[in-house]
Amino acid sequence: MQRVLVVGMTENPGGMESVIMGYYRAVNRNRLQFDFLANVPEIAYESEIRQLGGEVYHIPARHKSVAAFYRALNRFFKDNASKYQSIWVNQCSLANISYLSLAKKYQIKKRIIHCHNSQNGEGFIRGVLHDVNRKRIRRVANIYWSCSNEASAWFFGGDYKELPNYRYIPNAIDTERFSYNVKSRTRIRRALGMSDHTLLIGNVGRFEPQKNQIHLLNIFSEIHKRCADSCLILIGQGSLEESLHRRVAELGLDRQVIFTGSIYRVEDYYAAMDMFVFPSLFEGLPVAPLEAQCSGLPVVMSKSCTDAVNINVKKNLIIDIQDSDEHIANKIYDWYQCVPKDRKSSVESSQFSMAKQIQSFEKIMEEPLE
């Protein structure tokens, strides 16, 4: 058995966490076992990870104490590096490459950096650190993975395809898990006190500027003017949650907007929705629209989403978030009247199906470094 040290999981069960866990659940754990190193007190899916045989190690967060972070990190690698053939670092920026630096120092052979975003969404200072470390990453990593070409160019530079051991790794999902389930739809809508006729619009994502839920609230307000029997459900958590609640109150939509917090069985909520709207400002390759399409939902996406994620083409609408809220809302509502309402999906036959990707992923993980 090879053991892989995984870095990048947070306390939030978001898209990156979903991708990592999807691969972890699917791999042959008699041959590959994942352990996790995190700088938060508890990561998403931690109890499941332990049930699957993985260890979870915790160190202090760098932003809370730089000295404590580096002491703990160095001690961890000194004590544990010899267990691992590979380290798989998943990040939305290169603001912190310390994990890879110490992995190299303590001679972990395969050092993978996997990029999951296409722009800086983490503030000015972390943006500067990203730019600096983009020049340094080639000294400490020796395998380069990416979720999309757009993410690769921002992470690694325009010559990313010339990097040694560069690979595109699809954000694969378990299509059976996310396929439409009518029983889940009935159960969730009843739990929400919602009739079968109510138009339920959904969004899944971190409550951070990148995901643009403030704009979504304004769009929904305009849709609600045309369809009084409509609701919006927001699934997630993040730093903008208070701002979102305030905006809902300002719009007078307290009864129409539902906040669920983080949800682990989000597939049940996709089943309950009638439409999924994702007005993100930028993305690497977003997972939530893949999951929503797998459930057969009509999906509205901003132009920032890479074309690769537009799978159920006849059921998807691409919008320009620079247009006015009223224009976007009218476009969405008129489109929804005509879009097919069946819950069929093409995701299971696409490159994003975990069943299609897992053997390739295992082979890549197990092959010796050239």
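Since the structure is predicted, the reported quantities are computational estimates derived from the model, not experimental observations.
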ILVMFWY cluster, Ile97 and Trp154 together (side-chain gap under 4.5 Å): yes
Side chains of Arg185 and Asp274, heavy atoms from C-beta outward: is any pair under 4.5 Å? yes
Donor-acceptor pair, side chain of Gln213 and main chain of Leu244, under 3.5 angstrom: no
Side chain proximity check, Leu285 to Leu290, heavy atoms < 4.5 angstrom: yes
Which pair of non-hydrogen atoms, one from Ile87 and one from Tyr99, has the smallest distance, and what is that distance? CD1-O, 4.0 Å
Would you say Val204 ends up clustered with Phe207 if hydrophobic residues are merged whenever their side chains have heavy atoms under 4.5 Å apart, either directly or through other cluster members? no
Cys227 side chain reached by Tyr333 side chain, heavy atoms, under 4.5 Å: yes
Among side-chain atoms of Gln33 and Tyr24, is any donor-acceptor pair under 3.5 angstrom? yes
Contacts of Cys305 that satisfy side-chain contact (heavy atoms from CB on, under 4.5 Å) - sequence neighbours left out: Phe278, Glu283, Pro286, Met301, Ser302, Val309
Show the nearest heavy-atom pair for residues Ser152 and Ser146, with the distance to one decimal. OG-OG, 2.6 Å
Just by modelled atom types, is the Gly14 backbone N or O under 3.5 Å from a matching donor or acceptor in the Glu17 side chain? yes
Give me the atom names and distance for the closest heavy-atom approach of Ala292 to Phe276. CB-CG, 3.6 Å
Measure from the ring center of Tyr106 to the ring center of Tyr84 and say whether it is less than 6.0 Å. no
Criterion side chain to side chain contact (heavy atoms under 4.5 Å, CB included) against Ser221, the qualifying member of Leu251, Leu232, Val257: Leu251
Show, in sequence, the C-alpha distance, side-chain angles and deciding distance for Ile258 and Met194, and conclude whether the side-chain contact (heavy atoms from CB on, under 4.5 Å) test is met. CA-CA 11 Å; Ile258 303 163; Met194 191 173 296; 3.8 Å; yes
Does any part of the side chain of Leu37, heavy atoms only, come nearer than 4.5 Å to the side chain of Ile59, both counted from C-beta? yes
Sorted by chain and number, sequence neighbours left out, side-chain contact (heavy atoms from CB on, under 4.5 Å) with Lys344 holds for Asp342
Are the side chain of Asn142 and the backbone of Lys110 linked by a donor-acceptor contact shorter than 3.5 Å? no
Check ion pair Glu250-Arg247 (N to O, under 4.0 angstrom): yes
Heavy-atom neighbours of Asp307 CG exceed 12 at 6.0 Å: no
Work out which heavy atom in Glu291 is nearest to a heavy atom in Ser18; give both atom names and the distance. OE2-OG, 3.2 Å
Quick check for you: to the nearest 0.5 Å, what is the distance between Asp174 atom CG and Cys294 atom SG? 8.0 Å
When the side chains of residues 50-57 are checked against the rest of the protein, which donor-acceptor pairs come out under 3.5 Å, sequence neighbours left out?
from, atom 1, to, atom 2, distance (Å)
Arg50, NH2, Glu46, OE2, 3.0
Arg50, NH2, Val56, O, 3.4
Tyr57, OH, Lys83, NZ, 3.2

Would Glu367 and Arg167 count as a salt bridge (charged side-chain N to carboxylate O under 4.0 Å, His left out) here? Give the steps. CA-CA 14 Å; Glu367 66 187 9; Arg167 290 182 186 270; 2.8 Å; yes
Under 3.5 Å, is there a donor-acceptor pair between the side chain of Ser295 and the main chain of Leu297? no
Counting only N and O atoms by type, is there a donor-acceptor contact under 3.5 Å from the side chain of Ser360 to the main-chain atoms of Gln357? no
Checking Arg189 against Tyr269: charged group under 6.0 Å from the ring centre and within 45 degrees of the axis? no
Around atom CD of Glu48, are there more than 12 heavy atoms from other residues, nucleotides or ligands closer than 6.0 Å? yes
Side chains of Leu94 and Arg136: closer than 4.5 Å at any heavy-atom pair? no
Please lay out, stage by stage, how Phe282 and Asn117 fare under the test side-chain contact (heavy atoms from CB on, under 4.5 Å). CA-CA 8 Å; Phe282 56 89; Asn117 218 342; 3.6 Å; yes
Do side-chain atoms of Asn316 reach the backbone of Asn312 as a donor and acceptor pair under 3.5 angstrom? yes
When you group the ILVMFWY residues by side-chain heavy-atom contacts below 4.5 Å and let the links chain together, are Trp145 and Val27 in the same group? yes
Residue pair Val339 / Lys314, side-chain heavy-atom distance below 4.5 Å: no
Count the heavy atoms of every other residue, nucleotide or ligand shown that sit under 6.0 Å from NZ of Lys341, and state whether that count exceeds 12. yes
Is Ile113 close to Leu100 at the side-chain level, that is, under 4.5 Å between some pair of heavy atoms? yes
Does any non-hydrogen side-chain atom of Ser353 lie less than 4.5 Å from one of Ile173? no
Asp35 bridged to Arg3 by N-O distance under 4.0 Å: yes
Within this structure, what is the CD-CD distance for the pair Glu241 and Glu208, rounded to the nearest 0.5 Å? 10.5 Å
Any chance you could lay out the salt bridge (charged side-chain N to carboxylate O under 4.0 Å, His left out) test for Arg226 and Asp334, step after step, and finish with the verdict? CA-CA 10 Å; Arg226 294 192 61 176; Asp334 292 341; 3.0 Å; yes
Between His130 and Phe155, is the ring centre distance below 6.0 Å? yes
Where Gln256 and His224 come nearest, the two heavy atoms and their spacing: CG-CE1, 3.4 Å
Of all heavy-atom pairs between Asp268 and Arg187, which one has the smallest distance, and what is that distance? OD2-NH2, 3.0 Å
Pair Asp159 + Arg138: basic N to acidic O under 4.0 Å: yes
Looking at Arg29, I'd like to know if its CZ atom is crowded, meaning that more than 12 non-hydrogen atoms belonging to other residues, nucleotides or ligands lie closer than 6.0 Å. yes
Could you tell me whether Gln351 atom CD has more than 12 heavy atoms of other residues or ligands within 6.0 Å of it? yes
Val89 reachable from Leu163 in the ILVMFWY side-chain graph, under 4.5 Å edges: yes
Start with the C-alpha distance between Asp325 and His215, add both sets of side-chain angles, then the distance that settles side chain to side chain donor-acceptor pair (under 3.5 Å), and finish with yes or no. CA-CA 8 Å; Asp325 299 330; His215 197 172; 2.8 Å; yes
Ignoring hydrogens and geometry, is there a side-chain-to-backbone donor-acceptor pair from Thr198 to Leu200 under 3.5 Å? no
Has the side chain of Ser280 got a donor or acceptor atom that lies under 3.5 Å from a matching backbone atom of Lys211? no
Criterion side-chain contact (heavy atoms from CB on, under 4.5 Å) on Lys225 and Glu326, from CA distance to verdict: CA-CA 10 Å; Lys225 292 174 183 177; Glu326 183 178 7; over 6 Å; no
Kindly determine whether Val4 and Gln85 satisfy side-chain contact (heavy atoms from CB on, under 4.5 Å), including the steps that lead there. CA-CA 6 Å; Val4 179; Gln85 291 75 41; over 6 Å; no
Any donor-acceptor pair under 3.5 Å linking the side-chain atoms of Asn149 with those of Tyr160? yes
More than 12 heavy atoms from other groups under 6.0 Å of CD on Gln107: no
Can you label the angle between the Tyr23 ring and the Trp88 ring as parallel, tilted or perpendicular, going by 30° and 60°? perpendicular
Shared hydrophobic cluster for Trp335 and Met273 (ILVMFWY, side-chain gaps under 4.5 Å): no
